[in-house]
Amino acid sequence: MRIEKADRFDDVDYGAGYEYRGFNYLILDGVDEFLVRIYDDQPGGATVVRPAMTTSTRLRTLAEFLRTELEVTAIYLYKGEIGSYAQVDLESLQFC
């Protein structure tokens, strides 16, 4: 696994009431691509934007990479039942 690209993002619309700032990371593992966001206001947290994931060996590998390379202490995945992102336990990789 390796970080292919890291870009700063500043998604701001004060009229709509949101302000998101941080970094997008494109992480490659062979042919697999992962888009991960780390928000400035959530230090240590990483949101896996793409692909939508549930527990799998790919997630385990990605989680270990994020912990080692980016010092991530929390990972968030999209949880369809609630329609938003939720934290997963770093050991079991199950939703908290």
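Note that the structure is predicted; figures quoted are calculated from it, not measured.
- For the pair Arg21 and Asp11, the minimum side-chain heavy-atom distance is 4.5 Å or more.
- When side chains are defined from C-beta on, Phe34 does not count as touching Leu26, because their heavy atoms never get closer than 4.5 Å.
- At a threshold of 4.5 Å between non-hydrogen side-chain atoms, the residues Glu4 and Tyr25 do not count as touching.
- Contacts classified as side chain to side chain donor-acceptor pair (under 3.5 Å) and involving residues 40-52 (residues at least two apart or in different chains) are given here: Arg8-Asp40.
- Salt bridge annotation for Arg67-Glu91: present, with a cationic side-chain nitrogen under 4.0 angstrom from a carboxylate oxygen.
- In this structure, the side chains of Val88 and Gln94 stay at 4.5 Å or more apart for every pair of heavy atoms.
- In this structure, Arg37 does not pair ionically with Asp7, as no charged nitrogen and carboxylate oxygen lie closer than 4.0 Å.
- Residues Tyr39 and Phe9 bring their aromatic ring centres within 6.0 Å.
- The salt bridge (Lys or Arg N to Asp or Glu O under 4.0 Å) test applied to Asp89 returns no partner, not counting sequence neighbours.
- Here the closest non-hydrogen pair linking Gly45 and Tyr76 is CA-CE1, 4.1 Å.
- Gln87 approaches Ala74 most closely through the heavy-atom pair NE2-CB, 3.5 Å.
- Other residues sharing the hydrophobic cluster of Val12, ordered by chain and number and joined by side-chain separations under 4.5 Å: Tyr14.
- Minimum heavy-atom separation, Gly83 to Tyr78: CA-OH, 3.2 Å.
- Between Val36 and Ile75, the closest side-chain pair of non-hydrogen atoms is not below 4.5 Å.
- The aromatic rings of Tyr20 and Tyr18 sit parallel to each other, their planes meeting at less than 30°, with 60° as the upper class boundary.
- The side chain to side chain contact (heavy atoms under 4.5 Å, CB included) with Leu62 is formed by just one residue from the set Asp32, Val72, Leu93, Val48; it is Val48.
- Ion pairing between Asp29 and Arg58 fails under the 4.0 Å rule for side-chain N and carboxylate O.
- Using a 4.5 Å heavy-atom threshold, the side chains of Leu77 and Phe95 count as touching.
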